[in-house]
Amino acid sequence: MASGTGWPKTMRFDGSLRARFVVAVFALVFLICGGFYFAVYQFVEVLERQLMDTAVKRELNELVDAWRAGDGQPVPVPHSDGIRGFVWRHRAALPANFPEALLSWPSGRYDEIKIDGNVYYAGRQDLPDASLFLILDLTEIEDLEARLVNIAYGVIGTALLAAVLMGYWLSYLVMKPVSRLARHLAELKPENGNVRLGDQFGDREIGLIAAAVDRYQDRIAQFIGRERAFTDDASHELRTPLAVVLSAVPLLKDDTALSPLGLERLARLERAARQMHAMIEALLFLAREDGGWRSEPCALDEVMRDI
């Protein structure tokens, strides 16, 4: 798991801020369009079913009332506008062109049924001496629904494309001050001095970041000033006593009153002073901004022998 995020590294999106903004706009528009499509689809389905249910039930009830009023005599059966009706006398043969799928259709049920590859909305009512059927052809309705779905897909695709374009344009407007601040930060160099950024940005959020950078630069400048002061003081306060010691050693060596043991101790003192002088020079050299590094040949064997 990635520290501080709680997400595996492979699941994180490491794109630029502009790309993240575009993805966020795209995802928002996608969710809105998806929710709108689902709501409209459900509304169309409910409305379609309600209309079909009402139409078939009304026609079938009228057919049942006509049958009862005729006392078993033949009645006109609906057979137009996609609606077909069938009357089956229980003791007679099935009507002509009667769909066999309706034989197993239960009485009082109103639902979709597939007959000869086409979809119909069917209803059935059983009477003591006959069964009455009514079917509504849904081909045109299904075609209309398919066209509406295709239109919805086209609208959603156009909206998503517009979301991407709008996201890029908005990201440019939003990220413009951020990009300008990033360029200023990339151009900051110690030799240019303390460049103030807070006065160059009017945006509140970017201005806060620029002001924080200015405060950070002030702290760095103060730290560098203290370091330079310390280096100057160390250079003077440490070099001066060592210079006195190293200048006094040759004079003491010329003193004939010193014993061999004294001369040996004086040599040890000189070596220690010279080592301290070399260490101080090295530390002050490394304290420079360039680190004191120079590209030049070096006799490594001589360095090792000196060490």
Side-chain angles (χ1 to χ4, degrees), residues 26-164 166:
F26 180 86
L28 177 61
V29 174
F30 180 80
L31 290 176
I32 293 175
C33 290
F36 180 75
Y37 172 79
F38 179 78
V40 171
Y41 181 80
Q42 293 298 321
F43 173 77
V44 171
E45 285 290 326
V46 172
L47 182 61
E48 175 187 345
R49 188 175 185 87
Q50 185 68 26
L51 291 175
M52 292 186 302
D53 196 63
T54 301
V56 173
K57 278 186 177 180
R58 184 181 65 249
E59 292 288 343
L60 189 55
N61 289 334
E62 291 179 358
L63 183 61
V64 170
D65 293 341
W67 177 267
R68 288 173 175 170
D71 195 19
Q73 298 300 319
V75 295
V77 179
H79 200 79
S80 62
D81 297 332
I83 296 179
R84 287 192 294 168
F86 302 93
V87 176
W88 174 38
R89 294 177 181 271
H90 293 163
R91 297 182 180 181
L94 291 173
N97 301 323
F98 184 82
E100 295 184 1
L102 293 178
L103 288 175
S104 59
W105 197 257
S107 177
R109 180 183 177 184
Y110 295 87
D111 205 346
E112 294 183 2
I113 185 173
K114 182 170 288 188
I115 301 174
D116 298 332
N118 295 326
V119 180
Y120 293 85
Y121 194 80
R124 173 178 177 175
Q125 286 293 335
D126 286 348
L127 299 177
D129 56 345
S131 295
L132 285 70
F133 302 85
L134 204 67
I135 58 175
L136 173 64
D137 191 355
L138 301 181
T139 303
E140 294 184 359
I141 298 177
E142 293 291 333
D143 292 341
L144 177 59
E145 184 178 355
R147 287 197 298 270
L148 292 176
V149 170
N150 291 332
I151 292 175
Y153 284 149
V155 171
I156 291 175
T158 303
L160 293 178
L161 179 60
V164 173
M166 184 66 70

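Heads up: numbering here begins at 1 and tracks the sequence.
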Where Leu60 and Gly123 come nearest, the two heavy atoms and their spacing: CD2-C, 3.7 Å
Interatomic spacing from CG in Leu127 to CG in Leu132 - rounded to 0.5 Å: 5.5 Å
Value rounded to 0.5 Å, distance of CD in Glu62 from CG in Leu134: 10.0 Å
Pairwise distance CD(Glu112) to CG(Leu138) - rounded to 0.5 angstrom: 5.5 Å
Flag if over 12 foreign heavy atoms under 6.0 Å of CG, Asn97: no
Shortest non-hydrogen separation from Ala130 to His90 and the atoms involved: C-NE2, 3.2 Å
Within 6.0 angstrom of Gln42 CD, more than 12 heavy atoms from elsewhere: yes
Between OG on residue Ser107 and CZ on residue Phe133, distance to nearest 0.5 Å: 8.5 Å
Stepwise side chain to side chain contact (heavy atoms under 4.5 Å, CB included) test for Ile156 and Phe36: CA-CA 10 Å; Ile156 291 175; Phe36 180 75; over 6 Å; no
Sidechain-backbone polar pair: Arg124 side chain, Leu103 backbone, donor-acceptor under 3.5 Å: yes
Ala122 to Val56 - nearest heavy-atom pair and separation: C-CG1, 4.5 Å
Nearest-0.5 Å distance, CD1 of residue Ile115 to CG of residue Leu102: 4.5 Å
Rounded distance (nearest 0.5 Å) linking atom CG of Asn118 with atom CD1 of Ile135: 9.5 Å
Parallel, tilted or perpendicular, as decided by the 30° and 60° cut-offs, for the rings of Phe26 and Phe30: parallel
CG/Asp116: more than 12 non-hydrogen atoms of other groups inside 6.0 Å: no
Residue that, paired with Ser131, satisfies side-chain contact (heavy atoms from CB on, under 4.5 Å) out of Trp105, Trp88, Phe86: Trp88
